[in-house]
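See below for the structure under consideration.
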Amino acid sequence: MAHVSARGLVQERNLSTSIDSEILIVARIAAGDQHALVELYGRYQRPLYSYLRLRTNDDQLAEEVLQDTLLAVWTGAHRFRAQSSVRSWLYAIARRQAHNALRRVRPHPQDELALRSMHGSESRPEETAIVKEGLEDLVAAIRQLSPVLSETLMLVTVYELSYEEAGMVLEIPIGTVKSRLSKARSTLRPVLEMARGEQT
Amino acid sequence: MSAAKTCVNISSLLPAYAIGALSPKHMRDVAEHLEHCPACRNQVFEWQLITAAANVAASGPSPSPDVLDRVWATIQAPHVSRQPSRYNLLNTMSGGHRRLWPGQLGARGENRPGGRPGYLFRPGLATIAQIAVIGVIAVILGGVLLRGGWKEQLFGQDPAATPTEQAELLAAPVVPAGELLFTAVLSNESTHPGAKLRLGRLTVEAGSSTGLPADESSVILLVEAGTLSGLVDGPAFVNHGADCGQAGQSQELAAGEQFELQSCDRLLIPVGTSPLMQNRGQEPALALDIRMQSPGSSPRFSNGTVYQKLADLPANVLPLGQVDFSLAEGDLSTGAVHEINGPGLLYVESGTLEIAGANADFDIEVAGDMDDDDMNGRDVLNPVEQVAGGGWFFLRAGEHASLTVPDGQARYLEMLIGPRDTVERDP
């Protein structure tokens with residue numbers, strides 16, 4: 001496990017530098033610096049788009065919401081108080097934009113249903129090459145998780161938000177983040193047992 | 001500290017450990033524990049599998065390369081007003097370059113003499129002058145609008161906001177608490193004896209604390225779920241179906257008139273009006289979408305969307321149905337939950353929560369921290385206990401409780417936060 005610790009140390013240092021520089025980027029955006037928005041977008045375009053695809057289950061809509069998110073960042077950067085990380089601020093904005101977009105699209109704002117239906121979808125072609133043997137069932141099981149469990153799981157494991165950041169994005173206490181993660185693992189346990197057997 | 005206790009403490013860190021996202025100290029603590037704990041090592045392995053699978057599940061194409069171009073096109077459109085224009089104005093009026101504060105731009109509050117804690121930028125005298133000028137203009141505009149059929153200007157508009165408006169809508173929820181541009185005051189039941197009150201009076205105040213000029217702003221209230229009914233104490237307007245793209249039907253309400261809002265409906269409340277509201281819906285969650293609207297050359301949403309978070313609700317206005325909320329020590333010294341219908345889930349983050357059924361029987365199912373597994377890896381779950389009316393139950397930090405009371409029967413539960421671990425569970 002030593003290598004993991006070393007990775008954590010490196011990440012800690014890099015994270016600190018990254019957070020500082022991202023605050024400055026947002027400050028530049030607030031001052032009207034378009035290059036700063038380009039820079040921020042360059043850092044987050046893929047994870048944000050991925051997250052929005054999960055939220056909307058619609059590539060086209062996700063792209064529109066991504067634009068809305070960037071607009072919100074542009075017009076709202078002056079409101080950023082640096083009391084949260086830029087990363088969690090961005091995801092919170094994206095989440096709210098997706099919510100608003102789904103409100104517009106659907107008569108009833110059941111945006112969680114999008115996640116649910118997305119989870120039930122079949123695997124996409126681009127995934128098949130990268131799915132390791134034994135993980136297909138686990139991927140499918142993750143897609144079957146309830147929306148709240150799935151979103152929490154994704155924010156922490158895929159988008160690498162801290163519990164505190166995930167709690168801020170989801171507007172829930174840290175304890176709830178932890179319990180949702182634990183619940184997700186419990187739900188996945190039967191499939192995990194199979195995956196473990198094939199991986200070991 | 002026992003090995004089992006250590007496992008409980010460590011367990012919640014393992015998802016972050018698996019991706020190397022813990023602080024160095026926690027990484028070391030976990031690694032040390034893993035040396036002699038095969039159960040937790042198994043968990044780490046499981047989290048690594050989950051992380052790998054989750055990344056696959058989230059994988060997909062990149063966004064189109066022209067996303068930013070489209071954003072710039074929208075930004076440069078004439079109707080788009082960039083919200084931080086006061087800074088641009090500041091530059092123009094002061095004739096100088098705007099200075100950022102040294103240090104971490106408000107991250108921790110140091111190096112900002114005279115600046116408000118947590119603020120990223122420092123408004124200058126020129127800004128104050130601008131605000132004064134804008135305020136005068138706003139009052140004049142507001143007066144004109146009030147005399148000149150402002151409701152016609154505010155109603156009948158396309159409910160879909162422009163991208164800029166949406167952007168502004170989005171920005172508001174990330175404004176820290178206490179800096180919202182309006183306040184929603186939830187009154188308690190004692191203010192309205194006899195009322196089956198879920199959400200109390202919404203008061204929208206003008207003035208410096210809310211950032212709202214007195215005459216020009218209104219609140220739009222949207223209901224996402226449930227039925228919100230109420231009574232207005234001043235003129236207001238309800239528009240049915242307006243928020244679902246329908247040709248809404250407007251209805252003017254005089255003081256004392258009742259209204260009923262469902263999903264797709266909107267209520268426009270002028271500043272200074274304080275409607276009394278209650279949730280009579282059967283849906284488990286009542287979510288209100290509150291927007292501010294101020295008239296300008298074209299009416300638009302000027303401020304934000306604020307979702308009333310369940311966690312922010314005082315315990316005595318707990319919504320109907322299943323609720324998932326937490327009570328943190330310090331947030332609530334004493335509280336009461338009225339009329340829980342159906343199961344509710346409690347989680348205690350710190351301290352000890354005493355739950356007493358004043359006049360109600362209730363079933364309570366308590367799980368330890370959900371990370372607390374038995375030897376077979378199953379969550380430890382205490383059997384359901386039945387608490388008779390007048391009885392009480394202690395829930396300790398880290399525990400979850402599922403409360404169930406018979407549907408359709410009003411119940412009254414009291415909750416008290418006690419000091420950490422000073423009370424044993426069994427009375």
Side-chain angles (χ1 to χ4, degrees), chain A residues 1 4-5 7-9 11-12 23 27 30 41 45-46 49-50 53-54 63 66-68 70-72 74-76 78-83 89 92-93 96-97 100 104 107-109 127 130-131 135 138-139 142-143 153-154 156-158 160 171 173 175 178-179 181-183 186 188 192 195, chain B residues 12 15 19-24 27-28 31 34 46 49-60 62-64 67-68 70-71 74-75 82-84 87-88 100 104-107 118-120 160 163-164 166-171 173-176 224 244 263 309 326 347 349 370-371 379:
Chain A
M1 288 299 166
V4 181
S5 294
R7 180 183 167 198
L9 283 165
Q11 283 204 347
E12 182 87 357
I23 290 172
Y41 179 63
Q45 59 171 313
R46 282 189 67 92
Y49 182 58
S50 161
R53 288 176 68 242
L54 288 175
E63 206 163 284
L66 182 61
Q67 287 176 233
D68 292 344
L70 291 172
L71 278 168
W74 178 253
T75 57
H78 67 294
R79 296 194 187 99
F80 179 65
R81 302 289 186 255
Q83 291 171 338
W89 179 67
I93 292 175
R96 187 69 64 193
Q97 287 286 13
N100 288 348
R104 292 196 301 270
H108 296 286
E127 294 170 4
I130 54 175
V131 174
L135 283 185
L138 190 52
V139 171
I142 287 174
R143 292 199 172 112
L153 179 71
M154 292 292 185
V156 172
T157 61
V158 177
E160 300 191 355
E171 300 180 82
K178 291 178 181 176
S179 63
L181 289 173
S182 179
K183 185 68 179 173
S186 300
L188 296 171
L192 276 168
Chain B
S12 66
I19 59 172
L22 290 175
S23 69
M27 291 296 285
R28 284 193 298 273
L34 292 178
E46 286 183 351
L49 288 177
I50 290 172
T51 300
N55 274 283
V56 172
S59 63
S62 299
S64 305
V67 166
L68 262 181
R70 281 179 272 163
V71 171
T74 308
I75 287 172
R82 182 175 153 75
Q83 188 68 16
Y87 297 119
N88 300 335
L100 300 181
Q104 274 312 301
L105 294 170
Y119 268 68
L120 195 56
T164 304
Q166 287 296 331
E168 290 169 357
L169 283 174
L170 254 240
V174 297
V175 175
E224 290 207 9
C244 293
S263 181
K309 292 182 292 186
S326 64
Y347 178 71
E349 289 200 315
M370 284 189 178
D371 299 322
D379 286 336

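Naming: A, B, ... by sequence-line order, numbering from 1 per chain.
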Between B:L68 and A:Y41, is any pair of side-chain heavy atoms under 4.5 Å apart?
yes
What are the two closest non-hydrogen atoms of A:L70 and B:V67, and how far apart are they?
CD1-CG1, 3.9 Å
Could you tell me if B:S64 and A:E63 have a donor-acceptor pair between their side chains, going purely by distance under 3.5 Å?
yes
Can you name the closest pair of heavy atoms from A:S50 and B:A58 and give their distance?
OG-O, 2.9 Å
Shortest non-hydrogen separation from B:N55 to A:V158 and the atoms involved:
OD1-CG1, 3.5 Å
Any chance you could measure A:L138, atom CG, to B:E46, atom CD, to the nearest 0.5 Å?
9.5 Å
Please name the pair of heavy atoms, one in A:I142 and one in B:I50, separated by the smallest distance, quoted to 0.1 Å.
CD1-O, 3.7 Å
What's the shortest heavy-atom distance between A:R53 and B:S59, and which atoms?
NH1-O, 3.5 Å
On a heavy-atom basis, the closest approach of A:T157 and B:A54 is OG1-CB, 3.6 Å
